[in-house]
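Note on naming: letters A, B, ... go to the chains in the order of the sequence lines (proteins, then strands), and numbering restarts at 1 for each one.
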Protein chains: 2
Amino acid sequence: MVATRARILNTSSELFGRQGYAGTGMNEIVAKAEAALGSIYHFFPGGKDQLCEETIRASGRIYLELIEAVLDEASDIGQGVDDFFSGAAAQVVATDFADACPIATIALEVASTNEDLRRATADVFESWLNAASQRLEQAGIAPLQARRLSLFALSALEGAFVLSRAQRNVDAIDAAGSYVTAVIREALPRSRRQRREPGDEPRN
Amino acid sequence: MVATRARILNTSSELFGRQGYAGTGMNEIVAKAEAALGSIYHFFPGGKDQLCEETIRASGRIYLELIEAVLDEASDIGQGVDDFFSGAAAQVVATDFADACPIATIALEVASTNEDLRRATADVFESWLNAASQRLEQAGIAPLQARRLSLFALSALEGAFVLSRAQRNVDAIDAAGSYVTAVIREALPRSRRQRREPGDEPRN
DNA sequence: GTCTATAAACCGATAGAC
DNA sequence: GTCTATCGGTTTATAGAC
């Protein structure tokens with residue numbers, strides 16, 4: 001049995017991510033979460049703003065864990081980035097182009113209208129950037145370049161999500177993934193560069 | 001004297017771009033446009049949906065012209081892409097991180113909820129991609145690679161806009177711009193590659 | 001903690017005078 | 001073409017029984 005509070009957060013994450021903050025109603029959330037309207041104000045007395053902020057931070061944490069898991073399970077950071085873009089494309093297709101980044105829609109909506117929520121999205125992006133930077137540094141890249149590569153990679157991923165959802169195909173994710181992966185492999189110290197060649201065994 | 005219809009479209013472009021579709025009300029638009037509520041339904045009898053679709057297509061056309069102008073005025077395509085990212089960063093700063101891509105917020109909001117509007121955003125993105133592809137081909141890049149490079153460059157730009165608005169700095173645009181420019185310069189035929197060296201004269 | 005009823009404000013949209 | 005009054009519906013949020 002999933003607790004009501006968690007059911008509300010799961011549902012709000014899905015709906016805010018797909019339709020945005022203003023486009024998602026409290027009634028819609030409780031209906032889909034099979035909860036009472038009173039429950040949402042019981043667990044989130046701050047109302048819609050509080051629910052949204054907690055949703056941003058909760059889904060941000062889950063996505064952070066995904067980033068860390070995919071990067072850490074790969075044989076090297078280049079392969080990890082490649083895997084992440086491939087997995088993202090698969091997820092977008094599996095959800096019929098509905099679920100891509102859990103916070104990007106909200107981030108654009110609130111950037112100029114709600115300072116608390118803007119800061120929440122900034123904090124989440126920062127956590128993802130730090131996770132990526134840290135692993136690029138472990139692969140031998142200097143801190144400043146690791147930070148810039150992370151900003152570049154996350155930008156390409158986020159923008160590819162925008163294009164993919166609008167175009168209903170994953171061409172942008174495929175293209176962004178292959179160029180970003182190439183740039184990161186080029187940035188690695190020569191001794192640690194690896195590349196899967198046509199004759200290699202598939203790794204998964 | 002600016003006509004009422006144009007004043008409404010200019011205002012809706014600004015507000016939809018900054019706050020999204022659901023987050024912008026008809027009353028807010030007419031108030032800021034200094035028009036009567038009746039006028040909006042006179043010029044856009046289809047209501048909010050029609051206004052938004054025309055806004056997407058109109059602002060998309062204006063941004064297309066900007067893309068074409070910046071790319072065509074540069075000495076070569078690499079410099080043009082570099083200039084575009086620099087100009088985008090300047091614009092974002094000048095508007096206090098409010099105006100970046102005119103349609104990205106709407107695109108994410110409507111991708112899974114309004115098929116007509118989704119198609120409008122897809123059409124606009126397609127027009128931008130075609131403009132970029134065409135110029136990459138003129139620079140000697142094969143059509144298929146030109147298309148993939150355009151998808152990659154636009155993805156990086158769009159995602160950098162998301163991060164920049166959320167973080168309230170242009171680090172993402174700077175990083176994305178420099179890596180995208182480098183990738184495109186690498187893709188050019190050796191004979192047409194140009195790079196500004198430290199000793200060169202500034203071109204503008 | 002859950003549920004329903006409802007308040008108070010706001011939404012998109014329409015009617016009709018001018 | 002412009003303006004205002006207003007309709008009907010939905011929104012967020014609260015009250016209070018259970």
Side-chain angles (χ1 to χ4, degrees), chain A residues 1-58 105-106 109-110 112-118 120, chain B residues 1-58 105-106 109-110 112-118 120:
Chain A
M1 232 298 248
V2 184
T4 303
R5 199 190 130 96
R7 232 165 48 241
I8 290 172
L9 269 178
N10 286 339
T11 305
S12 63
S13 177
E14 192 174 301
L15 293 178
F16 283 143
R18 288 180 183 177
Q19 314 170 341
Y21 175 70
T24 303
M26 299 293 263
N27 279 311
E28 190 182 359
I29 293 170
V30 291
K32 189 162 189 191
E34 296 184 273
L37 182 61
S39 297
I40 216 173
Y41 288 95
H42 171 74
F43 290 111
F44 307 93
K48 194 180 183 182
D49 279 9
Q50 185 190 344
L51 172 61
C52 189
E53 177 163 348
E54 291 206 36
T55 301
I56 291 166
R57 298 193 187 277
T105 312
I106 310 172
E109 271 185 291
V110 304
S112 305
T113 58
N114 187 317
E115 182 61 12
D116 288 343
L117 295 184
R118 180 202 67 76
Chain B
M1 232 299 246
V2 184
T4 303
R5 199 191 131 97
R7 231 164 50 239
I8 291 172
L9 269 179
N10 286 339
T11 304
S12 64
S13 177
E14 193 175 299
L15 294 178
F16 283 144
R18 289 179 182 177
Q19 316 171 338
Y21 176 70
T24 303
M26 299 293 262
N27 280 311
E28 190 182 1
I29 292 170
V30 291
K32 189 161 189 192
E34 296 183 274
L37 182 61
S39 297
I40 216 173
Y41 289 95
H42 171 75
F43 291 111
F44 307 93
K48 195 180 185 183
D49 279 8
Q50 185 190 344
L51 172 61
C52 188
E53 177 163 349
E54 292 206 35
T55 301
I56 291 167
R57 298 193 187 277
T105 312
I106 310 172
E109 270 185 291
V110 304
S112 305
T113 57
N114 187 318
E115 181 61 11
D116 288 343
L117 295 184
R118 180 201 67 77

I need the CZ-P distance between B:Phe43 and D:dC3, as an integer number of Å. 11 Å
For D:dG1, does OP1 or OP2 lie under 4.0 Å from any side-chain N or O of B:Ser39? no
Whether the side chain of A:Arg7 engages the backbone of A:Ala33 through a donor-acceptor N/O pair (distance < 3.5 Å, no angle test) should be reported. yes
If I take atom CD in residue B:Glu34 and atom P in nucleotide D:dC3, what distance separates them, rounded to the nearest angstrom? 10 Å
If the sugar-phosphate is the primed atoms plus P, OP1 and OP2 and the base is the rest, what is the B/S/- string for nucleotides 7-18 of chain C, using protein heavy atoms under 4.0 Å? -----SBB----
Beyond-backbone contact of A:Asp49 with A:Asp116, side-chain heavy atoms, under 4.5 angstrom: no
Tell me: CG of A:Leu51 to C1' of D:dT11, nearest whole Å? 15 Å
Using atom CZ of B:Arg5 as one end and atom C1' of D:dT2 as the other, report the distance to the nearest whole Å. 16 Å
Considering only heavy atoms from C-beta outward, does the side chain of A:Met26 approach that of A:Lys48 to under 4.5 Å? yes
Short side-chain to backbone donor-acceptor contact, A:Gln19 and B:Glu109, under 3.5 Å: no
Of the listed D:dT4, C:dG1, D:dG1, the closest approach to the B:Ala36 side chain comes from D:dT4
Value in whole Å for how far the P atom of D:dT11 lies from CD1 of A:Ile29: 11 Å
Side-chain N,O (A:Thr4) to OP1/OP2 (C:dT2) below 4.0 Å: yes
A:Thr24 side chain to A:Tyr21 main-chain N or O, any donor-acceptor pair under 3.5 Å? no
Residues at least two apart in sequence or cross-chain that pass salt bridge (Lys or Arg N to Asp or Glu O under 4.0 Å) with A:Arg57, listed by chain then number, are A:Glu53, A:Asp123
